[in-house]
Structure formats: C-alpha cells, structure tokens
Amino acid sequence: MASGTSRDVVGRGLRVLGRAIREQPRIFAVAVTGSVLFGLMVIASAYVVGGVVGKVVVPAVARGSVTDGALALAAAALFGISVLRVVGIFGRRLGAGYMQYRLQATYRRRVTRRYLDLPLAWHHRNATGTLLSNANSDVEAAWYPIAPLPFAVGTLVMLVGAVVSLFLTDWALALVGLAVFPALFALNVVYSRRMAPRQARAQRLRAEVSGIAHESFDGALVVKTMGREAQETARFAARAGDLRDALISVGRLRGVFDPMLETLPSLGTLAVLVVGAIRLRQGAITVTELVSVAFLFTVLAFPVRAIGWVLAELPRSVAGWDRIRRVLDATGEMPYGEVALDPATPAPATLAFHDVHFGYEPAEAHLPGTEVLGEVTFTVPAGKTVALVGPTGAGKSTIASLAVRLVDPRTGTVTLDGVDVRELTAASLASTVALVAQVPFVFDDTVRANIALDRPGIGDEEVWAALRLAEADGFVAALPEGLDTMVGERGTSLSGGQRQRLTLARALAGRPRLLVLDDATSAVDPRVEAAILAGLRAPADGGAPASILVVAYRRATIALADEVIYVEQGRVVARGTHTDLLATVPGYADLVTAYEQAEHEREQTRTYDEVTPLTSGLEVEVDR
C-alpha cells in the first residue's frame, strides 16, 4: 500500500484538488487572479529594479549626481508595483483562506450527516475516536493544500512569464532558467513521493491516538475503579510515541529536502551572475538586463516554494481524503418512506411485529453473521402496556431498537397502525414513537434544553408537564436554577435515577403515541417507577395515554402490564398475563423470582447504606 501510494500520490492528490476547484470555482478564481497579479508584478519589479540600476543609478554614479525627475519616476514605478502586489496578496490570501475553511466546514457537515444516516451496525464496527478524527483532523488534512494552491498556480504562471522574459532578454540566461525550474519541480515530486507513506501513517496514528484517548476518558469510571490508570497511561503513551516517531520521520525528511529546495534558486542566481557576466563582457546584454535577470531569480526563490508546499502536503491530503471517502462511500443507510401518519390523531398507536428475523452484521465481511431474532410475532394494542421479559441476551433491546427503527429486520415487518415503519417519513416516525434507552444520555446543557431539544411547540409549560409525568418535577424544582441548571457532561451532577427520569421526560415532551422503555427506570425507586407507569397509562392532564412497550425486570413493573411477552434466544416463547405465565412457564417463573430476589437484596443494601456512612465518609445516594 505504501509503495502504491508513493507512486500515484501526485495524481491522486491533484484529483482531490480538482474536486475542490470544481466545488468552489468562483472563490478559486478570485484567489488565482490575485496570485497571478502578484506573480506578474514580481516579474515587473525585477525589470523595474534593473531599469533603475541601469538607467538611473549607474549614470548617476558616472556623473556624480542624480536628477530629481529620474528619482521621482523610479519611486513612482516601484510604488505602483508595490501597491498592485499588495492587492494581489490580499486577493490570494483572502480567497485561499475562504476556500479552505469553507470546504472544511462543508465536509464536516457531510461527514456528520453521513454518520447520522448510517445504521447503528456500522457505528458498532467503528471506534468513536476514529469517527471524531474523520470529522476533524482528516477533513483538515484533506483540504490543507488549498491554502498554498492559488499561490502555486500563480507561481506557475509567473514561471512561464519569467522563462518567456528570459528568452526575450538572452538565450543563454534563458537556458539557466530552463535548467533550474524543471529541477525544482522534479525535486518537489521526489519529495512528495517519499513523503506519502510517512504522512499516511501519521494520519492513521492520529486517529488511533484520538480513539485511545476517547476510550480512556469515556471509561474513566472503569479505569479508576479497576486501578488501571497506569496501564491505560502506558497504552496511550505507546501509541502517542508511535505518532511522535512518525511525525519525526516526516520532519526528518522535510529537513533533508527543504535546504535543497531553498538552495536551488540561490544556485540559479549564482549561475545567472556567472553566465551574465560573460555575456556582459561579450556585449550581448546590458547592465540593466543582467540586474533584472539576477533580481528575478532572487525574488522567485520564495514563490517557487509554494509549489513545494502543495506537493509536500499532497500525501497528507490524500490520506485524509481516503479516510473521509470511507465514510462518505459507506453503505447501509436506511432511507425513509413517504407515508405520514395523521399528526392530529391523539389515539395511541398500535405496534405489531410480523415474523421478524434479525441479525447483526459481522465486524469483518468474510465472517458469517449471527441471527439474533427469529419468527418474532406480537402486537402492542393501542393504549395497552406490554412487558418484554427474558434472560440476558434474549434479544429484548434488539426488539426495542426495531420498534423505533434504529435497525431494520432482515425479513418480516414492523408496523405502526398497520404501516410498515420503513414506509414512514422521518418526521412521522419521530413524532409517533419515542425510545428511552437503558443507558440515559444527557447533554452538557440546561435541564430545559435537554428536554425540549429545540423542538417546535415545546415551551416551559410542556417541559414541566413532561417532568411531572416522569416524576421528575420535584427534584428539578429543587435544583439551584431550576430549568436553567446546567447538568454537566453526561449529566454528572445528577444521580442515575434522576438522569433516567430526565431522559424519560425528554421522550414524553414530544407526546409520542408509542413509548418504548428499554429498562429505562432500573435506577429509579420501585414506588417511583410504579407512579411513572401509572401516570403514563392515565395522564393527569387528561391527555391521551400512550401505548407502552417496556423491557422489564421487576415483578411490580411486569404486574402492571396488560400482557407479558416472554422471549428466549431470540424467540417468543410465551405470552399472556403475568399470573398465567408464572403458573404455566417454569423458565419465566424462575427468571422473575431470581430478579425479585436480587432486587430485594439491592433494596436491603440501599436501606443499610441510607443510614450507615461508608468508611470514606461519603453516603450512598438513594434516588427517591
């Protein structure tokens, strides 16, 4: 891969730049116009300086005096050229910067939009740190050469103009230019090819370092409680050391080639002076022409480096673009349909599974997939509560994900009010059904913002109504700033039960007609949980009750359901009331009894901890 990248990096990099130009042609034209103006003024300045030296300075030295008119004319010419050069620099830099940052913003939006379109199965196969790197450093790397690109294009125009002017001046001096300029370009190409594998490896290591850092920070609780700080630090240090070595390798190569790229124009100037002195003695050129050509080589040294800057950054650009394309070209998105359920319908929705089969895709394409669900058929009637019960790994969370269309079944259908969820519009699905997941996610924002999510029609009145339904209005009212209280990253200032009730209120604020609770009240006191479920079945504000599919473990929660679906190994084993299943299904009875015993032990522990300080001086927080 490295060698292949080394061979074709220039071609691939130029194609990436071509895409940028096609996407922002007007801005690029402004930047190139400024750069060309600058380049032409550089050539003009060389000949003006030559003219000043040959026609003003030399005669003045010979006469021992200088005329005011000649000085004024020379000063005016140099001032005019300087003003045009400033205009060119301004246009070039403004256009290049605007183009670069606009492309970066555009592709960050595209990558992020693609993340949201791709299914959860794709996200499960990609580390969060890598995805962050794709949207940040990879996007920056892909469009990094845009900044010097207009300068390089203007420099090419300037080089062509310089060669033409050299031929018009003297063929011998022109041959010097023809020797130096191609040598500069060839050196830049060699530099770019040598740099390609190094930049690609460095870009990959940036993503890996970001991934390890994100994983360690996100799992800080596990790292600390398991005493793995030293090991995680060592793991991060090892990969950071690899990145350091990769970047040093990049810098070492740059250190070898940069002096060579800097020296060539200087050697060209020296060659011009030697050849020019010979041609001057031969009478082929004048002092004015020699000074102009020598000065031209001197001022060309810096602009010519722009070509090297572009070529030097092409390997990094290609590496970043390849990583972006991996996201943009990823397949598996779930397109929405065009059917919209009546938004004015206040009645609860009916959810139905019809012979649903589902399996997660393997992490590697050549491996077989594993079926998680098979022949799943059941209904959640309008306005009813159905409890989903089963041992760990039975497929309960997968059923919940299918119900809200986070994933699609391999075969079979999931319907809402008789309509296949794949045929619904995104807006209709979002307004009809809401999921409260096992692990509550809270944004680092205010309570109000976490519940409303900037959704239209959800003001403070609706927020407090949702909080009351979720039995969360009491603790929110007691917060220092009420709805304006910042909850911290992932809700660190709240207890587990408070976070769960906050996310439940978020779902309820949208008045869904179907509510899917995936063990969403596990951290809440059983009495509070019972009050929440009772409120959902018969809202105190007189609103229509929602249909509820709840993944449940507690006997008290299960007993509130109108029907219980018992699943094992991805199959619906039994269905009926809680009492019927206790009497007729031994596996169900054993499971519920085990859950009840575990819950009883947890309650005893809570009661003990509620009155007994821990040895650290802290007390266990009991969520009420």
Side-chain angles (χ1 to χ4, degrees), residues 15-28 98-146 203-204 206-207 210-211 214 218 316-340 360-361 401-402 404-408 421-435 437 441-445 449-450 452-456 458 489-490 503 506-507 510:
R15 286 194 291 273
V16 174
L17 298 182
R19 171 182 287 270
I21 295 170
R22 289 193 299 274
E23 291 200 17
Q24 304 289 336
R26 294 182 180 178
I27 302 175
F28 182 71
Y98 192 79
M99 182 178 177
Q100 181 184 35
Y101 297 135
R102 189 168 184 174
L103 282 167
Q104 289 176 354
T106 297
Y107 274 85
R108 282 195 177 98
R109 288 193 296 267
R110 290 182 185 177
V111 169
T112 303
R113 178 71 258 179
R114 192 63 184 152
Y115 286 161
L116 298 178
D117 289 338
L118 289 167
L120 287 179
W122 184 87
H123 286 271
H124 293 159
R125 297 193 299 270
N126 293 273
T128 302
T130 299
L131 302 184
L132 291 173
S133 180
N134 292 151
N136 187 25
S137 64
D138 290 333
V139 169
E140 287 185 359
W143 306 122
Y144 196 81
I146 296 301
Q203 198 64 21
R204 175 178 56 81
R206 282 188 179 95
S210 175
H214 180 273
D218 206 35
R316 183 182 173 194
S317 175
V318 169
W321 176 248
D322 287 345
R323 294 170 65 82
I324 294 172
R325 284 290 301 272
R326 186 183 66 85
V327 176
L328 298 180
D329 294 343
T331 58
E333 70 274 17
M334 300 186 299
Y336 291 96
E338 299 181 355
V339 178
Y360 289 104
E361 296 296 328
S401 296
L402 285 162
V404 298
R405 211 196 166 206
L406 291 178
V407 293
D408 281 336
V421 293
R422 288 170 288 198
E423 298 177 4
L424 294 175
T425 64
S428 183
L429 184 64
S431 63
T432 303
V433 61
L435 169 71
F441 182 85
V442 180
F443 295 96
D444 185 8
D445 210 328
N450 267 285
L453 294 180
D454 289 331
R455 289 175 287 182
I458 301 180
E489 186 177 5
R490 294 181 179 269
T503 54
R506 175 195 297 159

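All values below were derived from every heavy atom in this structure, side-chain atoms included, with hydrogens, water molecules and symmetry-related copies excluded. Numbering starts at 1 and runs along the sequence shown.
- Counting all heavy atoms, side chain and backbone alike, Ile146 lies closest to Ala20 at CD1-CB, 3.5 Å.
- To the nearest 0.5 Å, atoms CD1 (Ile21) and CD1 (Ile27) are separated by 12.5 Å.
- Atom CD of Gln104 is separated from atom CD of Gln100 by 5.0 Å, given to the nearest 0.5 angstrom.
- Residues Ser317 and Pro145 come closest through the heavy atom pair CB-CG, 3.5 Å.
- Counting non-hydrogen atoms of other residues, nucleotides and ligands closer than 6.0 Å to OH of Tyr144 gives a total of 12 or fewer.
- Atoms OG and CG, from Ser401 and Asp408 in turn, are 11.5 Å apart once rounded to the nearest 0.5 Å.
- Under the 4.5 Å side-chain criterion, counting only non-hydrogen atoms from C-beta, Val327 is in contact with Tyr115.
- For the atom pair Leu103 CG and Gln24 CD, the distance stands at 5.0 Å (nearest 0.5 Å).
- Ring geometry for Trp321 versus Tyr107: interplanar angle over 60°, hence perpendicular rather than tilted (30 to 60°).
- The two residues Ala434 and Ala507 have their closest heavy-atom pair at CB-CB, 3.8 Å.
- The pair Arg108-Glu140 meets the salt-bridge criterion, since a charged nitrogen lies less than 4.0 angstrom from a carboxylate oxygen.
- Taking CZ of Arg405 as the start and OG1 of Thr432 as the end, the distance is 13.5 Å to the nearest 0.5 Å.
- Side-chain atoms of Asn134 and Arg326, non-hydrogen and from C-beta on, do get closer than 4.5 Å to each other.
- Closest heavy-atom contact between Leu406 and Leu435: CD1-CD2, 3.8 Å.
- Arg506 places no side-chain N or O within 3.5 Å of a backbone atom of Leu453 that could act as its donor or acceptor partner.
- Residue Tyr101 qualifies as open at atom OH: its count of foreign heavy atoms under 6.0 Å is 12 or below.
- Atom CZ of Arg19 and atom CH2 of Trp143 lie 6.5 Å apart (nearest 0.5 Å).
- Remark: side-chain polar atoms of Arg316 are not paired, donor with acceptor, to backbone N or O of Ala141 under 3.5 angstrom.
- Scanning both residues, Val111 and Val139, for their nearest heavy atoms gives CG2-CG2, 4.5 Å.
- Judged purely by atom type and a 3.5 angstrom limit, Asn450 uses its side chain to pair as donor or acceptor with the backbone of Phe443.
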